[in-house]
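Contents: one structure, followed by commentary.
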Amino acid sequence: MTALPVDAVAAVLLIPIGAAALLAVLPSYRLSARLNVLATFLTLLAALSLLAVRPAPGQFLLIDDLNVVFIVLNTLVGFTTSVFSATYIAHEIEVGRLTPASLRFYHAMYQVMMFGMNLALVSNNIGVMWVAIELATLTTVMMVGIYRTPQALEAAWKYFILGSVGIALALFGTILVYMAARPVVGEGLDGMTWTILVRNVAAFDPALLNVAFVFLLLGYGTKVGLAPLHAWLPDAHAEGPTPISAVLSGLLLNVALYALLRFKILLAAAPGVIAPGPLMVTMGLTSLIFAAFMLYRRRDIKRMFAYSSIEHMGIIAFAFGMGGPLANFAGLLHMTMHSLTKSAIFFAVGHISQIKGTQKIAEIRGLTVTHPVLGWGLVLGVMAITGMPPLGIFMSEFLVVSSTFAREPLLAIPLVLGLLVAFGALLLRLGTVAFGEPLGSTAPAEASYVPMFAHLALVFVAGIYLPGPVVVWFQHVASQLG
Amino acid sequence: MDQFAFDVAHLLAGGLVLISLTMLYQDRLSALIRVFALHAVVLALSVAWQAAIQHAPHLYITAAIALLFKAIIIPVSLLRIMKQLGVHREIDTVVGIGPTMLAGIGLIALSMVVMLRVTAESDPLAREDLAFALSVVLLGLLMMVTRRNVVSQVIGFMSLENGLILAATGAKGMPLVVEISVAFSVLIAFIVIGIFLFRIRERFDTVDVQALERLRGEDP
């Protein structure tokens, strides 16, 4: 009877891993690009079916209200990015920056990465979750270095070292959680099964949980890109292929954040532990303000939007750190909107830098004149990311700010300051890139506009009208987050 | 007997911390690699001892992997790579040896204070193992930040990973993670040696991270 829903969870995991094996042996990159799209589409369908029918939690796999949101978002952006990636790599092959052999590797890695992220999201075991995040990280490391230029290698190296340190700290935290659980739930698998942990957490040793959370926050926080552990993020975004920048910003950061949220729920259910909120608020605000000021000095367009990702992850961590139904709701909404908007921006930027043959902001001008569709797409995307009404991010940022004003007015001051500084920086750069006298190549764009505008349309619709069921859903999840 | 088991476990875990400290003041790469091999041997002994006193035979596999892979294969291949590349230089350190050692001692004290105070109610073997493991992890981190050389950063990372395995085996009955984390350390080592070192060599004729930093497209 339960065969169907169990299959849907299995499909979310098996389609990517099967596709990875297939893509690793297929020589033709055109066919692989299509298969890649098909595989991500099927995964998306499987994920959507989880909304309707939900399997009971098992020892290893778990589907609940919280992770369904993440899974659907993950597979959706994974799908649209694979569509974008198909046109993107066709151009890279033409220019000769990538060879068919490295593309085979690229497609296989793309699917392994999707597998890793989906596994991290559906796993009910904190050990398996850790392994899955490490797997996703390693595959992105390989992809960041795929161009093999000195810069790309340096970026991959930095990402690898910082990512490994982060993941090592997270493992230490995971071990500590197990140590805290062992006297209560006994040895073996139960001590790492999240549903059992959260049921019994009240009896755990609070001091041990405190230390564990600090390690988990530092460890997974590195992967979220929270300052001061963000150093890998701008390089990895700037030097890798743009589809990877899009999934890094749009998805991998979310997955790491999801892991953090799981442990936050765990701590919220335990009496006598430190509140995880203030720690997250501090790291969130630091990231927001630091990234906002760093935005002014950027010369590389992808690097600039990478800093913007740090800024937004800061806002999201801040919102979840504040806690409470309203701030959590805002955090979830902001996370969704940011994923959609930022990947749309990277789609636009990817095509733009291909046409212009450069990522330097100073060498890109007057896009709305030469490439109206791309140019205005970018303008719309940047408008959305800076939080202009009536787009979705305006609504979520407004909720974050207003709920902060209501509860901790003093915290709202640095928050608003950071938002305004970032707003100014992005608009300043947008002005030169999008308008003015055209500079650089005016070759016609061979771009796939559909993914970009599909994302922007979703963000636009969400800003004007959020459907009732979605609101109820988010409210329900927000109340669970504590 | 119980007291004896406890003492040996302590001796081995303490030995790991000591060797981690020793790694901090190695100023030649080949010496550093040999000390790391010793680190891995002591880890293997420690894991095997845990397997014996916990009656957990699967931990012997972990011990065997540590011994074979980390104590023999990795050091030998790193030494060979170094010979091929002709890197016999001394290690560039960001901070001098003296301050690094002091920082290392400080980190050990810190992890003792934190872990022993926090885990007051856990069983004594596990809690002191954890305190030692945290010291090894932090010393590995310290080594990664105070060294500029790619090889010594990798060794710092691997010693950090040894600390994690010590912690995981000390946590009695911990499922899955020991085997999987070992498999991952194998994977990581492969990636590091196979891809990065050779590609870095291809491009720069050096394994010094500072040379990489100059290539960055951004203002300093």
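What you see is a predicted model, and the numbers here were worked out from it, not measured in a lab. Below, chains carry the letters A, B, ... as their sequence lines are ordered, and counting in each starts from 1.
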Rounded to the nearest 0.5 Å, what's the gap from CE on B:Met158 to OG on A:Ser164? Could you check? 12.0 Å
Distance check, rounded to the nearest 0.5 Å: A:Leu169 atom CG versus B:Leu160 atom CG? 7.0 Å
Is it true that, when you exclude A:Tyr296 itself, more than 12 heavy atoms of the residues, nucleotides or ligands shown sit nearer than 6.0 Å to its OH? yes
Between A:Val165 and chain B, with a heavy-atom cut-off of 4.5 Å, which part of the residue counts as in contact: side chain, backbone, both or neither? both
A:Thr358 meets the side chain to side chain contact (heavy atoms under 4.5 Å, CB included) criterion, sequence neighbours left out, with A:Lys356, A:Lys360, A:Glu363, A:Ile364
Could you tell me which portion of B:Leu141 (side chain, backbone, both or neither) has an atom closer than 4.5 angstrom to a non-hydrogen atom of chain A? side chain
Could you please state which residues from residues 103-116 of chain B sit under 4.5 angstrom from chain A, measuring non-hydrogen atom to non-hydrogen atom, sorted by number, or 'none'? B:Val114, B:Met115
Test log, rule side-chain contact (heavy atoms from CB on, under 4.5 Å), inputs B:Leu130 and A:Phe172: CA-CA 9 Å; B:Leu130 265 186; A:Phe172 199 78; 4.0 Å; yes
